[in-house]
Amino acid sequence: MSTTANKEERSLNFLEEIIEADLAAGKYKTIMTRFPPEPNGYLHMGHATSICLNFGLTKKYGGNTNLRFDDTNPVTEDTEYVESIKNDIKWLGFEWANELYASDYFEQLYNMAITLIKKGLAYVDDSSSEAIAEQKGTPTQVGRRNEYADRSIEENLQLFAGMRAGKYKDGEKVLRAKVDMSSPNMLMRDPLLYRIKHAHHHRTGDAWCIYPMYDFAHGQSDSIEKITHSICTLEFVPHRELYDWLIEKLEIYPSHQYEFARRNLTYTVMSKRKLLQLVNEKHVAGWDDPRMPTISGMRRRGYTPESIREFCDRIGIAKRDNVVDISLLEFFVREDLNKRALRRMVVFDPVKVVITNYADADGEEILTSENNPEDPNGGTREIPFSNEIYIEREDFMENPPKKYFRLAPGQMVRLKSAYIIKCEEVIKDAEGNVTELRCTYIPESKSGSDTSGIHVKGTLHWVSVKHAITAEVREYDRLFKVEDPSSEEGDFKDYINPDSLKIVRAAYAEPALKNAHFDERFQFVRKGYFVLDKDSSTSGMVFNKTVGLKDGWKAGK
RNA sequence: UGACCCAUGGUGUAAUGGUAACACUACUGAUUUUGGUUCAGUCAUUUAAGGUUCGAAUCCUUAUGGGUCAACCA
């Protein structure tokens, strides 16, 4: 089956244009990209964009993508994160060519530093970090060099070796590049290349006590791996000048850096620091809390890798700041889930309906219903029907507004895959709460063999009282009350939505749901899409709501 | 007060000097045994002002607005 005929013509994004031009000019035979996470936190939707971009580009144009952990800061990094990151990338559906670590290059990086020293382009500075900051000047004021910049090459070589040998304490000395203290680009004002940290590294252990800074690790690692297109986010634009300077002075493979605007989503935050706060301060249950915009959270929430990939592709890439409406993401999950989710009926807040004319009191029968009307090969399932059923409390109104298609006194509705019923009597308790609805059914209206000739506008989901099983259902709403918590006054946590989690301890479900598997997706008819949560046990099932169905009905409209 | 990046509907992207397109949202209407799905339709003089040109969202100038940069983080 070919879909090329109606495949939408999509224009190239600016990175694809650059790559096609490079390829056309014969600059490269094949391209090489990399995804360079720092193993100090879990991956989130922002990373998903970068993953889809980097892996997507090499998939499209031929080439490979490396997974490279940017592990140059031992105090914040951990192997736990390495494993979660690898797991998330695989789950998204991508394969890296090589699993690499910046720490693999420590020896080479050290030698590159020596090269720079020998060229008179780097020096050891004994100043305190405060002094260095002070001497750097400000964006509007040039910096000035101190006396350490005049050290001889021999002295620098000896001092740098001493740094590596552990002769100095943390912060006592740093290695700096000798560039230009009056550059309008602050990063070019003799940037730090190495700092001393007597810390245990998750991979190199205690082999090193000096670690390269980002600027002296990232570009060099790119070069070592012969990355052709090194793609990063906009805040690294000013780093490009230094990136190129180092490659030029070191005379190594000329990788090139390109920047795109990171993706933001409405009603959430997308920085590792803020997400870490939410976890540490227990505003959420963990990194994989279904309300988190982390890959692991979204996976647990029931998002599919296909829908996330589609979202990243279709949203495109550019260089301007943006906040993508969460409804766009939700559209892509619905689109995907609508095609694959098994339909099941679950009543969250029940009200009992007694069908007074249904056979004798013990009467029941087995009905069948399609698993998915969108999938002709989806098969059917059996649903027990009886004279006592539950319907959703909100599906009944004693005094309905005009155009209310659900149940009301004297009004008729279709029970999905069953019969048409008519509400004859409303039974209430002393407080006036509806406790039971007495209805009659139309025997000739049986689903599939309806000869009643009656047409009703509303169809309700239901479940037989005596056959129902119970399950816990967790419904999620946006984590924040405002579109962009980070740009709001005060602390972003002030805008946390207190009602982002609603738990239904015992929802009533049709028996077919008993065989639910973790890899299955469900649509609870008229409710939304759900997935089994890892908190499920033999004593009870727990379902997470991935996303609700679109609701076209507005009361009082 | 400096340097750099950016500016197209409510949102995200297109239009590569030839008369604003696609998707989402929202709103109409049709279909429907899910108020879902599907289908049809509606919603922008491209931040502003000048300039170049037969012709400008696109090129130039200025203004305005937003973002980034003064971590021994990445």
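Order of the sequence lines fixes the chain letters, A, B, ..., with proteins taken first and strands second; residue numbering starts at 1 for each chain. Quick caveat: nothing in here was measured; it's all calculated off a predicted structure.
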Chemist: Roughly how far apart, to the nearest Å, are B:G10 and B:C5 at atom P?
Modeler: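 Nearest-Å result for B:G10 against B:C5 at atom P: 28 Å.
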Chemist: Closest to the A:Leu192 side chain: B:C72, B:C6, B:A74?
Modeler: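 Minimum distance to the A:Leu192 side chain belongs to B:C72.
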Chemist: Quickly work out the A:Asn40 CG to B:A71 P distance and round it to whole Å.
Modeler: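 One finds 20 Å between P of B:A71 and CG of A:Asn40, rounded.
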Chemist: Got A:Tyr243 and A:Asp215 here, is their nearest side-chain heavy-atom distance under 4.5 Å?
Modeler: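 When only atoms from C-beta onward are counted, A:Asp215 and A:Tyr243 do not touch, as no gap falls below 4.5 Å.
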Chemist: OP1 or OP2 of B:U37 sitting under 4.0 Å from any side-chain N/O of A:Lys339?
Modeler: no
Chemist: Any salt bridge between A:Glu370 and A:Lys416, counting N to O under 4.0 Å?
Modeler: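 Between A:Lys416 and A:Glu370 there is a salt bridge, with a charged N closer than 4.0 Å to a carboxylate O.
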Chemist: Can you find a donor-acceptor N/O pair under 3.5 angstrom joining the side chain of A:Gln141 to the base of B:U1?
Modeler: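 Such a pair does not exist between side chain and base.
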Chemist: Has A:Lys178 got more than 12 heavy atoms of other residues, nucleotides or ligands less than 6.0 Å from its NZ?
Modeler: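 Yes, NZ of A:Lys178 has more than 12 neighbouring heavy atoms, counting only those of other groups under 6.0 Å.
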Chemist: Charged N to carboxylate O below 4.0 Å: is that the case for A:Glu365 and A:Lys446?
Modeler: yes
Chemist: Please give, in whole Å, the distance from B:U34 C1' to A:Leu342 CG?
Modeler: 15 Å
Chemist: Is A:Ser447 side chain donor-acceptor paired with the B:U33 base, going by distance under 3.5 Å alone?
Modeler: yes
Chemist: Between B:A7 and B:U46, how far apart are the two P atoms, rounded to whole Å?
Modeler: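 Result for the P pair: 16 Å, nearest Å.
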Chemist: Taking only the side-chain heavy atoms of A:Glu374 (C-beta and beyond), determine which of B:G12, B:U34, B:U37 contains the nearest atom.
Modeler: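 Of all the options, the side chain of A:Glu374 is nearest to B:U37.
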Chemist: Looking only at side-chain atoms of A:Arg314, point me to the closest of B:A23, B:A74, B:A26.
Modeler: B:A23
Chemist: State plainly whether the residues A:Lys60 and A:Glu16 are in salt-bridge range, i.e. N to O under 4.0 Å.
Modeler: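 Counted as a salt bridge, because a side-chain N and a carboxylate O are separated by less than 4.0 Å.
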Chemist: Taking the C1' atom of each, how far is B:G41 from B:U25, in whole Å?
Modeler: 16 Å
Chemist: Rounding to an integer number of Å, can you tell me how far A:Asn13 CG sits from B:U13 P?
Modeler: 11 Å
Chemist: Just compare B:A14, B:C72, B:G35 and give me whichever is closest to any side-chain atom of A:Tyr404.
Modeler: B:G35
Chemist: Kindly point out which of B:U33, B:G36, B:U25 is positioned nearest to the side chain of A:Phe331?
Modeler: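 Taking heavy atoms from C-beta onward, the closest nucleotide is B:U25.
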Chemist: Can you tell which of A:Ser230, A:Ser221, A:Ser255 makes a side chain to side chain donor-acceptor pair (under 3.5 Å) with A:Arg34?
Modeler: A:Ser230
Chemist: B:G12 base to A:Arg263 side chain: any donor-acceptor pair below 3.5 Å?
Modeler: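 Check fails, no donor-acceptor contact within cut-off.
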Chemist: Counting primed atoms plus P, OP1 and OP2 as sugar-phosphate and everything else as base, spell out the protein contacts along nucleotides 65-70 of chain B at 4.0 Å heavy-atom distance: B, S or - for each nucleotide, 5' to 3'.
Modeler: --S-SB
Chemist: Is A:Arg334 close enough to B:U34 that one of its side-chain N or O atoms is under 4.0 Å from OP1 or OP2 there?
Modeler: no
Chemist: Taking B:U68 as the reference, what is the distance to B:U42 when you measure between their P atoms (whole Å, please)?
Modeler: 40 Å
Chemist: How about A:Asn371 and A:Arg344: does a side-chain donor come under 3.5 Å of a side-chain acceptor?
Modeler: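 Short answer, yes.
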Chemist: Where the side chain of A:Ala318 is concerned, which of B:A74, B:U37, B:U13 is the nearest nucleotide?
Modeler: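 Ranking B:A74, B:U37, B:U13 by closest atom to the A:Ala318 side chain puts B:U13 first.
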Chemist: Return yes if a side-chain donor-acceptor contact under 3.5 Å exists between A:Asn40 and A:Glu77, otherwise no.
Modeler: no
Chemist: For nucleotides 9-11 of chain B, list the nitrogen or oxygen atoms of the protein found under 3.5 Å from its nitrogen or oxygen atoms, one pair per line.
Modeler:
{"residue": "B:U11", "atom": "O3'", "partner": "A:Val323", "partner atom": "O", "Å": "3.2"}
{"residue": "B:U11", "atom": "O2'", "partner": "A:Val323", "partner atom": "O", "Å": "3.4"}
{"residue": "B:U11", "atom": "O2'", "partner": "A:Asp325", "partner atom": "N", "Å": "3.2"}

Chemist: Below 3.5 Å, does any donor atom in the side chain of A:Arg526 face an acceptor in the base of B:U34, or the other way round?
Modeler: no
Chemist: Going by an N to O cut-off under 4.0 Å, is there a salt bridge joining A:Arg145 and A:Asp190?
Modeler: yes
Chemist: With respect to the phosphate group of B:U33, does any side-chain polar atom (N or O) of A:Lys446 fall under 4.0 Å of OP1 or OP2?
Modeler: no
Chemist: Side chain of A:Met213, heavy atoms from C-beta onward: which of B:G36, B:C6, B:A74 has the nearest atom to it?
Modeler: B:A74
Chemist: From the set B:C4, B:C72, B:U37, return the single nucleotide nearest to any side-chain atom of A:Ser129.
Modeler: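 Per side-chain heavy atoms of A:Ser129, the pick is B:C72.
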Chemist: Any ion pair linking A:Arg68 and A:Asp104 (charged N to carboxylate O, less than 4.0 Å)?
Modeler: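 Looking at A:Asp104 and A:Arg68, the cut-off is not met.
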Chemist: Hey, is A:Lys339 close enough to A:Glu374 for a salt bridge, meaning N to O under 4.0 Å?
Modeler: no
Chemist: When you compare B:A48 with B:U11, how far apart are their P atoms, in angstrom units rounded to a whole number?
Modeler: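 Each nucleotide's P atom is 15 Å from the other's.
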Chemist: What interatomic distance, in whole Å, is found between C1' of B:G18 and the corresponding atom of B:C59?
Modeler: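 Per the computed distance, 15 Å lies between those C1' atoms.
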